Participant: 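After the structure tokens below, expect a handful of questions from me.
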Amino acid sequence: MGDVLREQLEAALDAGEIQSAVWLVACRETMVAHGAVGPAGFDTLYDLASLTKPLVTALLLALFIEQGRCAPDDHLGKWLPVLRDSPYGHVTVAQAVTHTGGFPAWRPLYAMCATPDEVLPVIAQTPPVAEPGAAVVYSDLGYIVLGCLLEHLAGQPLAVMFGTHVAQPLGLTATRFCPPPEWRERTAPTEDGNAHERGMVEQLTAEEAPDNASVRARLRGYAGWRTQRIHGEVHDGNACFLGGVAGHAGLFATAAEVWKLAQAFLPGSPLLRPETCQWFSTNLTPGKAEARSFGWMLACSPNATGVGLSPTAFGHLGFTGTSLWCDPQTERVYVLLANRTFPYRAGLQDVRRAFHAAASRISG
């Protein structure tokens, strides 16, 4: 069956859907299949993009809740004064982590803010798209806020927290924000320039321009686009603006170390209590369009790519082409890292579904 996975991903490579990929399938502590296609090796680092949300932000929040530093029902305004009188002041930690806080999906904060210090005030002034708890609206902004919440609680930068509470205990040596220059050659590139986000900003300016005239002017006048190949630095524009470290994006890792991180969410977690690990496989958004757990999507969601997995399996995707699914019933982990945005953006949903359908049938 490992050959089937290779054939699938080589076909995606030939079709131009990916430029490279590394995959890993594991059962408990045993790797049952792995490989790489394209100009990548098993030790290639990938920009994990939104896998940062569960692997950093949700994981640290779970640890902090266990330690009593905050609670799922805490209002964001309790800890972040700038949000207190905003529409998000009464959004709870649990709502933000399940994408039910009413935050818009995305805004180009790098074009709307003069400095990173303006990010939270600008988010506070951004109109919500739903009432708290009313709907699942997948949101980068909500996780940027959660990253700021963690920094407020710990009095430390997010990258330092991740290193202290996660990377060091798990023995991770190839997982970090802001890879050093000497790691560049073993890192997969993600895009030539910023064409994709530039198009998103142009569309926002034309169709959804904010009422604030000064913000409209900033969007139209923004000239900070990266034109070089994005290679060894974070692809996401907002994460780049925030110094490469944010609650929604920025983490880089190898497939093997993503597997190590995944084990922190499964039975026998080296970091979390068994009762806490139940949060990740429990549907916290019943009756809504997506089944969301604490930081993850569940395989029972209609749009999930975890085909062939148990209904309580949980996973997440990254815009750059990365994905991770964990199945607590079978104690299996499925890692697929690709760079679909290089040299241009390609769709990957069918590739991901076929990969998981085949990978779930591998014995071991």
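Quick caveat, the model's predicted, so the values are computed rather than measured.
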Participant: Any chance you could lay out the side-chain hydrogen bond (donor to acceptor under 3.5 Å, both in side chains) test for T341 and N339, step after step, and finish with the verdict?
Facilitator: CA-CA 6 Å; T341 53; N339 53 342; over 6 Å; no
Participant: Under 4.5 Å between side-chain heavy atoms, counting indirect links through other Ile/Leu/Val/Met/Phe/Trp/Tyr residues: same cluster for V56 and M161 or not?
Facilitator: yes
Participant: Using a 6.0 Å cut-off, check whether atom CD of E131 has over 12 heavy atoms from anything other than its own residue.
Facilitator: no
Participant: Do V351 and I18 come close enough that some side-chain heavy atom pair is under 4.5 Å?
Facilitator: no
Participant: Should we count CZ of R69 as having more than 12 external heavy atoms under 6.0 Å?
Facilitator: yes
Participant: Which atom pair, heavy atoms only, marks the closest approach of F314 to P328?
Facilitator: CE2-CD, 3.9 Å
Participant: Rounded to the nearest 0.5 Å, how far apart are CZ of R332 and OG1 of T30?
Facilitator: 10.0 Å
Participant: Donor-acceptor check, side chain of T205 to backbone of R220, threshold 3.5 angstrom: yes or no?
Facilitator: no
Participant: Any donor-acceptor pair under 3.5 Å linking the side chain of R186 with the backbone of D43?
Facilitator: yes
Participant: In the single-linkage hydrophobic clustering (I, L, V, M, F, W, Y; side-chain heavy atoms under 4.5 Å), do V37 and L45 co-cluster?
Facilitator: no
Participant: Is the CD atom of Q67 crowded by more than 12 outside heavy atoms at less than 6.0 Å?
Facilitator: yes
Participant: Is a side-chain donor or acceptor of E257 paired with a backbone partner of T175 at a separation under 3.5 angstrom?
Facilitator: yes
Participant: When rounded to the nearest 0.5 angstrom, what distance separates CH2 in W79 from CG in L146?
Facilitator: 14.0 Å
Participant: Evaluate the side-chain proximity of V201 to L204: yes if any heavy-atom separation is below 4.5 Å, no if none is.
Facilitator: no
Participant: For E331, is there any backbone N or O sitting under 3.5 Å from a side-chain donor or acceptor partner on R28?
Facilitator: no
Participant: Provide the closest heavy-atom pair for L284 versus S293 in the form atom of the first, atom of the second, distance.
Facilitator: CD1-C, 3.8 Å
Participant: Is there a donor-acceptor pair under 3.5 Å between the side chain of T322 and the backbone N or O of L48?
Facilitator: yes
Participant: Between H231 and R184, is there a donor-acceptor pair closer than 3.5 Å when you use the side chain of the first and the backbone of the second?
Facilitator: yes
Participant: Could you tell me whether the side chain of V93 reaches within less than 4.5 Å of the side chain of L76, counting heavy atoms only?
Facilitator: yes
Participant: Quick one: CG on D47 to CZ on F177, what's the gap to the nearest 0.5 Å?
Facilitator: 10.5 Å
Participant: Side-chain heavy atoms nearer than 4.5 Å, only ILVMFWY residues, links allowed to pass through others: does that put V234 and L172 together?
Facilitator: no
Participant: Ignoring hydrogens and angles, tell me if any N or O in the side chain of T312 forms a donor-acceptor pair with the backbone of Q329 under 3.5 Å.
Facilitator: no
Participant: Measuring centre to centre across the rings, with the benzene-like ring taken for any Trp, is W296 within less than 6.0 Å of F265?
Facilitator: yes
Participant: Backbone N or O of A188 within a donor-acceptor pair of the T44 side chain at under 3.5 Å?
Facilitator: no
Participant: Might you work through the side-chain contact (heavy atoms from CB on, under 4.5 Å) test for V245 and C178, ending with a clear yes or no?
Facilitator: CA-CA 7 Å; V245 183; C178 303; 3.9 Å; yes
Participant: Got a second to check how far T276's OG1 is from F294's CZ, nearest 0.5 Å?
Facilitator: 9.0 Å
Participant: Dump the intermediate steps for side-chain contact (heavy atoms from CB on, under 4.5 Å) on E191 and E197, then the final yes or no.
Facilitator: CA-CA 11 Å; E191 191 178 4; E197 285 205 24; over 6 Å; no
Participant: Any side-chain heavy atom of Y138 within less than 4.5 Å of one from L317?
Facilitator: no
Participant: If we only count heavy atoms from C-beta on, is the V258 to Y46 side-chain gap below 4.5 Å?
Facilitator: no
Participant: Checking side-chain contact (heavy atoms from CB on, under 4.5 Å) for the pair Q125/M112: CA distance, chi angles, key distance, verdict?
Facilitator: CA-CA 11 Å; Q125 296 165 15; M112 299 168 71; over 6 Å; no
Participant: To the nearest 0.5 Å, what is the distance between OG1 (T100) and CD (E290)?
Facilitator: 11.5 Å
Participant: Walk me through it: do Q349 and T305 pass the test side-chain contact (heavy atoms from CB on, under 4.5 Å)?
Facilitator: CA-CA 7 Å; Q349 295 301 77; T305 61; 3.6 Å; yes
Participant: Could you state whether I230 and F319 fall into the same hydrophobic cluster, counting links through intermediate Ile, Leu, Val, Met, Phe, Trp or Tyr residues with side-chain heavy atoms under 4.5 angstrom apart?
Facilitator: no
Participant: Counting only N and O atoms by type, is there a donor-acceptor contact under 3.5 Å from the side chain of T98 to the main-chain atoms of Q95?
Facilitator: yes
Participant: Hey, would you say the F64 and H165 ring centroids sit under 6.0 Å apart?
Facilitator: yes
Participant: Minimum heavy-atom separation for W259 and M31, please, with both atom names.
Facilitator: CZ3-CE, 3.6 Å
Participant: Tell me if the aromatic rings of Y222 and Y110 count as close, with their centers under 6.0 Å from one another.
Facilitator: yes
Participant: Rounded to the nearest 0.5 Å, how far apart are OG of S301 and CG of N283?
Facilitator: 7.0 Å
Participant: Taking the side chain as every heavy atom from C-beta outward, state whether V91 and F103 have any pair of such atoms under 4.5 Å apart.
Facilitator: yes
Participant: Walk me through it: do S50 and Y143 pass the test side-chain hydrogen bond (donor to acceptor under 3.5 Å, both in side chains)?
Facilitator: CA-CA 10 Å; S50 283; Y143 269 75; over 6 Å; no
Participant: Restricting to non-hydrogen atoms, name the atom on S323 and the atom on R352 that form the minimum distance, rounded to 0.1 Å.
Facilitator: CB-NE, 4.1 Å
Participant: When you compare the side chain of R292 with that of M297, does any pair of heavy atoms fall below 4.5 Å?
Facilitator: yes
Participant: Show the numbers, then the answer: is there a side-chain hydrogen bond (donor to acceptor under 3.5 Å, both in side chains) between N238 and H248?
Facilitator: CA-CA 9 Å; N238 284 332; H248 72 297; 4.9 Å; no
Participant: If you count heavy atoms of other groups shown closer than 6.0 angstrom to CG of D14, is the number above 12?
Facilitator: yes
Participant: Could you tell me which non-hydrogen atom of T92 sits nearest to which non-hydrogen atom of D73, and how far apart they are?
Facilitator: CG2-O, 3.7 Å
Participant: Does the S20 side chain pair with the main chain of G38, one donor and one acceptor, at a distance under 3.5 Å?
Facilitator: no
Participant: Out of curiosity, does Y88 fall in the hydrophobic cluster containing V136 (side-chain heavy atoms, cut-off under 4.5 Å, transitive links)?
Facilitator: no
Participant: Looking only at heavy atoms, what is the nearest atom pair of L109 and F241, with distance?
Facilitator: O-CE2, 4.1 Å
Participant: Would you check if T57 and V97 make a side-chain contact, meaning some heavy-atom pair closer than 4.5 Å?
Facilitator: no
